[in-house]
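Notes to accompany the following structure.
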Amino acid sequence: MEIRPVPYDHPDAVTLDALVQQEYVRRYGDGDITPLDPEMFTPPHGAYLIAYDGGRPLATGGWRQQEDTSEGYAAGDAEIKRMFVVPEARGRGLARRILAALEADARTAGRSRMVLETGIKQPEALELYASCGYALVEKFGLYRTYDDSRCMAKALVTED
């Protein structure tokens, strides 16, 4: 298993993004309409990772910096986007490994808090994030007014 950074518009990233959009449609009836641009995931302002096994892309996730307090973000936030594991590779700890790598990268880039938005129709995501130290916080971002949206956060730096 190898986790490596790729551009958000890399062909494997595009393929996995299409699969995660299908998952959103299946669960919610529509895809994620959050505007994303490849530059958002370019270091040091973000990163996009893919886990490969034997050259096959199995899991993905990215982070992008956020500073827009008008949408409920805090200065220093890093927002997780597009966490996804292909169905046949689930249960192998790939999401947890991608998440840890994203947190480490965001911390190195000087981000102080990791934030994410998910939904109630993704109970396995809510469980994963809670087990990794994320807690529910006041809603932020594009989906902050949606009833089935849940926002979570985790500090990346400890206060002395």
Side-chain angles (χ1 to χ4, degrees), residues 1-53 55-86 89 94-119 122 125-126 128-129 132-134 137-146 148-157:
M1 183 65 54
E2 175 190 13
I3 296 176
R4 63 180 184 243
V6 300
Y8 180 65
D9 54 0
H10 182 280
D12 292 337
V14 171
T15 297
L16 289 172
D17 187 61
L19 291 173
V20 73
Q21 291 293 344
Q22 289 173 12
E23 185 83 11
Y24 295 149
V25 169
R26 186 177 68 77
R27 293 185 190 220
Y28 297 99
D30 201 1
D32 182 352
I33 59 170
T34 303
L36 298 177
D37 184 288
E39 290 181 19
M40 294 176 176
F41 300 98
T42 302
H45 308 292
Y48 202 78
L49 305 176
I50 295 181
Y52 289 91
D53 188 10
R56 182 169 178 241
L58 298 179
T60 188
W63 74 267
R64 63 181 181 159
Q65 74 178 24
Q66 285 291 359
E67 303 287 347
D68 189 353
T69 57
S70 69
E71 285 196 356
Y73 296 100
D77 278 354
E79 182 182 26
I80 294 171
K81 298 302 295 178
R82 299 299 190 260
M83 287 287 294
F84 180 72
V85 178
V86 297
L94 296 176
R96 196 172 296 276
R97 289 180 60 190
I98 293 269
L99 183 59
L102 291 172
E103 290 172 356
D105 189 73
R107 189 179 298 108
T108 298
R111 302 278 92 192
S112 56
R113 184 174 80 146
M114 191 68 95
V115 299
L116 63 97
E117 184 275 333
T118 190
Q122 293 171 268
L126 289 165
L128 167 73
Y129 297 127
C132 290
Y134 287 77
V137 295
E138 187 173 337
K139 290 183 181 179
F140 54 79
L142 182 65
Y143 291 100
R144 66 188 176 278
T145 61
Y146 287 60
D148 59 358
S149 172
R150 297 295 179 267
C151 292
M152 302 179 86
K154 176 182 178 179
L156 294 176
V157 295

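A pairwise comparison of heavy atoms in Lys139 and Arg144 identifies CD-O, 3.1 Å as the closest pair. The minimum heavy-atom distance linking Asp37 with Tyr8 is given by the pair C-CD2, 4.3 Å. Nearest heavy atom pair, residue Met83 against residue Val20, reads O-CG2, 4.2 Å. Shortest non-hydrogen contact noted between Pro35 and Arg64 is O-NH1, 3.5 Å. The heavy-atom pair separating Gln21 from Gly31 by the smallest distance is OE1-CA, 3.1 Å. When all heavy atoms of Cys151 and Glu138 are compared, the closest pair comes out as CB-O, 4.1 Å.
Between Phe140 and Tyr73, the two ring planes are tilted [angle within 30° to 60°].
To the nearest 0.5 angstrom, Asp17 atom CG is 10.5 Å from Gln22 atom CD. To the nearest 0.5 Å, the span separating CD1 on Ile3 from CG on Leu49 amounts to 7.0 Å. Atom CD1 of Ile80 sits about 3.5 Å away from atom OH of Tyr134, to the nearest 0.5 Å. We find the CG-CG distance between Asp9 and Leu36 to be 12.0 Å, quoted to the nearest 0.5 Å. Atom OG1 of Thr34 is separated from atom NZ of Lys81 by 3.5 Å, given to the nearest 0.5 angstrom. How far CG of Leu58 is from CE of Met1: 5.0 Å, rounded to the nearest 0.5 Å.
Checked by atom type and distance alone, the side chain of Lys154 never pairs as donor or acceptor with a backbone atom of Tyr129 at under 3.5 Å. Counting only distance, with no hydrogens or angles, the side chain of Arg111 and the backbone of Asp77 share a donor-acceptor pair below 3.5 Å. Looking only at distances, no side-chain donor or acceptor of Arg82 sits under 3.5 Å from a matching main-chain atom of Gly62. At distances below 3.5 Å, not a single donor-acceptor pair connects side-chain atoms of Thr60 with backbone N or O atoms of Val85.
Between Tyr52 and Asp12, the side chains place a donor N or O and an acceptor N or O closer than 3.5 Å (distance only, hydrogens not considered). Counting only N and O atoms by type, the side chains of Tyr24 and Gln122 include no donor and acceptor under 3.5 Å apart.
Gln66 pairs with exactly one of Glu79, Arg113, Glu71 by the side-chain hydrogen bond (donor to acceptor under 3.5 Å, both in side chains) rule, that one being Glu79. With Trp63 as reference, Leu102 is the one residue of Val115, Leu99, Leu102, Leu116 to meet the side-chain contact (heavy atoms from CB on, under 4.5 Å) rule.
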